[in-house]
Every structure is written in C-alpha cells, then in structure tokens.
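The structure under discussion appears below in the form of structure tokens.
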Amino acid sequence: MLVNAASLTDITPDGGDYETVRRVIETITNDYRDQPSLETIAARLGQSPTQLQKVFTRWAGLSPKAFLQAVTLDHAKRLLGQERLPLLETALEVGLSGPGRLHDLFVTHEAMSPGEWKARGEGLTIRYGFHPSPFGLALVMITERGLAGLAFADAGEEKPCFEDMAGRWPNARYVEDSAATAPYASRIFDPEKWSGEQPLRVVLIGTDFQVRVWESLLKIPLGRAVTYSDLAHDIGQPSASRAVGAAVGRNPISFVVPCHRALGKSGALTGYHWGLTRKRAMLGWEAAQIS
DNA sequence: CTACAGTGATGGC
DNA sequence: GCCATCACTGTAG
C-alpha cells in the first residue's frame with residue numbers, strides 16, 4: 001500500500017475532496033477526445049492547476065494523468081487478462097460459519113434465509129447513517145448481524161439515496177443512528193484497517209441467485225476485474241451473463257461487495273448504479289492502492 | 001457506430 | 001402465468 005496514513009486521514013474524515021475529484025473525472029471522460037490539459041480543467045472548475053493537482057493526488061495517490069491512464073480500456077483489459085481461470089477458483093471457504101477469506105477487506109458473510117427474504121425486511125431493524133467517504137457521502141445500513149447496505153450519494157441527494165435502499169426491504173424498521181454506523185464507515189474506507197483478525201461482518205439479503213452472484217464478486221481480489229460472463233461461468237450458468245448483470249446491479253453493499261470490478265467483455269465499464277463516474281473513481285483509487 | 005436476436009432472473013399485473 | 005425490463009454478448013449492416 002503506497003498510500004500513507006497521513007493522506008488517508010486527510011481524506012477519510014471529510015470526504016470533500018471527492019466532489020472535486022468527481023468533477024475532474026467527469027470532465028476528462030466527457031472531453032477525452034480533445035485531451036484537456038490540467039490547466040483547462042482547472043479553469044473550468046475555477047481552481048488553480050496546482051491546487052487541483054494537489055487535491056487529486058492526495059485523494060488517489062496518483063496524478064490526474066496517471067489516474068486517467070489507470071481507467072482506460074487498455075488498463076481494464078489488463079485487469080481482466082491475467083490468468084483468466086485461476087481467479088475464480090480461489091477457495092471461498094465461507095459456509096455459514098467460520099470466517100472466510102475474502103479479497104482485500106476481510107469479510108464474513110451470511111445469507112438471509114429465504115423466509116427472511118420473502119418478508120422483505122419484516123421484523124428487521126435497520127440502523128443507518130450518512131458518512132463522508134472517498135467516494136462521496138456513504139449511506140451505511142446495519143443490522144445486528146452485520147453490514148447490510150452501503151450506498152453513495154452526492155451532497156444533497158441523501159433522500160433519494162435512502163429511499164432507493166429502503167425500498168429494497170420495505171417492511172423493515174429504519175432508525176437513524178450514525179453513532180452505530182460510524183465505526184463501519186471508518187473500517188471500510190481505511191485500507192489500514194483491513195485485516196483478517198477482525199473480519200467485517202456482512203449480511204447478504206437477496207434472492208438465491210443474487211446471493212450467489214454477490215458471493216462470486218467477493219472472490220475478486222483488489223486490482224483485478226472480471227466480466228459478467230466470467231461471473232456467469234462461476235456460478236455454473238454460463239449463458240446467464242445478462243441476468244448476472246442485473247443481479248450485480250442490485251448489489252446492496254456496493255464497494256464492499258466489489259461490483260465495480262465487473263466489466264463488459266470488451267473491458268468497457270458498462271454501468272453502475274451509483275454513477276459511472278463513481279465506478280471509474282473506485283477503479284482508479286484501487287489501482288493506486290496496489291502499485 | 002446502430003440494430004437485433006438470444007438470453008435468464010425478476011417484479012408488476 | 002404473461003410481459004416488460006435489464007449494469008450482457010455476439011453478429012450483421
């Protein structure tokens with residue numbers, strides 16, 4: 001991990017940088033054809049180039065230029081390329097008990113029973129809170145069993161974001177409790193705290209098919225990517241790539257269940273529930289964590 | 001680039 | 001059940 005602790009404590013407590021970063025990424029991806037210089041971008045955002053450069057680098061650990069390179073098709077293909085098959089064969093010793101090993105952030109998970117799923121959250125108490133994160137405001141939702149939801153919103157968009165999530169388990173009781181959710185937020189977004197000793201507890205609430213897809217996603221290590229059809233193969237339904245896409249899109253715990261590491265077969269970023277720009281940001285941020 | 005077909009899970013009716 | 005809707009993919013013009 002090249003990102004040092006100081007830079008992380010800079011970004012994580014107040015996620016203000018993300019707004020700037022988001023606009024930079026957006027600008028560049030919209031106008032990549034005319035290769036805008038740092039200067040032009042800075043001018044458009046009403047900031048000085050040096051200032052912009054600094055904020056961006058603090059956020060990603062990567063210069064804007066290097067970052068962009070990390071999110072190109074080329075790079076995406078490389079993420080996909082390396083040893084196609086072995087990747088998903090990595091053991092996932094989860095079961096419903098013992099701590100399993102999972103990608104970079106160690107996670108234990110359990111699935112909800114079908115009964116609980118049918119009840120659509122009936123009898124479940126979900127506590128939630130908004131917290132700043134490197135990717136904008138993060139909405140964290142937890143139950144007694146562990147983390148159940150993670151979503152993102154830009155400033156001012158909290159309400160639709162919450163409703164999006166709450167609509168998935170309409171019968172649950174929702175309690176605002178950011179004191180309870182805060183520890184989760186800080187765990188998740190600080191790579192320094194990713195360790196196997198204290199795995200993050202996660203509870204997957206979804207249909208059987210969805211849960212299988214999400215479990216597959218959890219097997220993708222940091223800095224790697226797979227295609228929707230890889231995932232389809234992994235769950236034993238090679239032709240169901242489209243259905244897989246839909247299931248990936250319904251992932252309630254984005255980032256932790258790394259749905260941003262699922263790409264189209266061409267390496268193109270096909271879609272993202274919380275905005276394609278955010279998907280780029282995550283991939284670029286991760287690229288910086290590895291190097 | 002667009003169009004279309006084949007695809008499987010899901011949710012509303 | 002039926003039908004529309006997808007964060008898909010391959011083929012054709």
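Atoms considered below: every heavy atom in the structure, side chains included; atoms not considered: hydrogens, waters and symmetry mates. Each chain gets a letter, A, B and so on, in the order the sequences are listed, and its residues count up from 1.
- Between A:Arg242 and A:Arg250, the residue anchored nearer the 5' end of DNA chain B, judged by the nucleotide with its closest heavy atom, is A:Arg242.
- At whole-Å resolution of the value, CD1 in A:Ile235 and C1' in B:dA9 are 10 Å apart.
- Atoms CZ (A:Arg168) and P (B:dG11) sit 11 Å apart, rounded to a whole Å.
- Ring planes of A:Tyr128 and A:Phe162: tilted class, angle from 30 to 60°.
- For the pair A:Asp230 CG and C:dT9 C1', the interatomic distance rounds to 13 Å; values are reported in whole Å.
- Between A:Thr227 and C:dC8 there is no side-chain polar atom (N or O) within less than 4.0 angstrom of OP1 or OP2.
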Legend entry - A:Gln69/A:His75 under side-chain hydrogen bond (donor to acceptor under 3.5 Å, both in side chains): CA gap, chis, key distance, verdict: CA-CA 7 Å; A:Gln69 214 183 330; A:His75 181 78; over 6 Å; no
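- Residue A:Gln237 places none of its side-chain N or O atoms closer than 4.0 Å to OP1 or OP2 of B:dT7.
- Nucleotide C:dA7 is matched to nothing when pairs are restricted to Watson-Crick or G-U wobble geometry with both distances under 3.5 angstrom.
- Nucleic acid contact for A:Phe209: sugar-phosphate only, since backbone atoms but no base atoms lie under 4.0 Å from a heavy atom of the residue.
- Taking the six-membered ring wherever Trp is involved, the centroid distance between the rings of A:Tyr272 and A:His260 does not fall below 6.0 Å.
- Aromatic pair A:Trp285/A:Phe135: centroids less than 6.0 angstrom apart.
- Between A:Tyr228 atom OH and B:dT7 atom P there is a gap of 21 Å when expressed in whole angstrom units.
- In this structure, A:Tyr272 atom OH and C:dC6 atom P are separated by 19 Å, rounded to whole Å.
- Under 4.0 angstrom from either OP1 or OP2 of C:dT9 there lies no side-chain N or O belonging to A:Ser241.
- Look at NE2 on A:His233: it is 15 Å from P on B:dT7, rounded to the nearest Å.
- When Watson-Crick and G-U wobble pairs are counted only if both distances are under 3.5 Å, B:dT7 pairs with no nucleotide at all.
- By the 6.0 Å and 45° rule, A:Arg120 stacks over the aromatic ring of A:Trp117.
- As a whole-Å value, the separation of A:Lys118 NZ from B:dT10 P is 13 Å.
- Proximity of A:Lys265 to the phosphate of C:dG10: a side-chain N or O atom is located under 4.0 Å from OP1 or OP2.
- Between the CZ atom of A:Arg278 and the P atom of C:dA7 there is a distance of 17 Å, given to the nearest Å.
- Heavy atoms of A:Ser266 sit nowhere under 4.0 angstrom from any nucleic acid atom.
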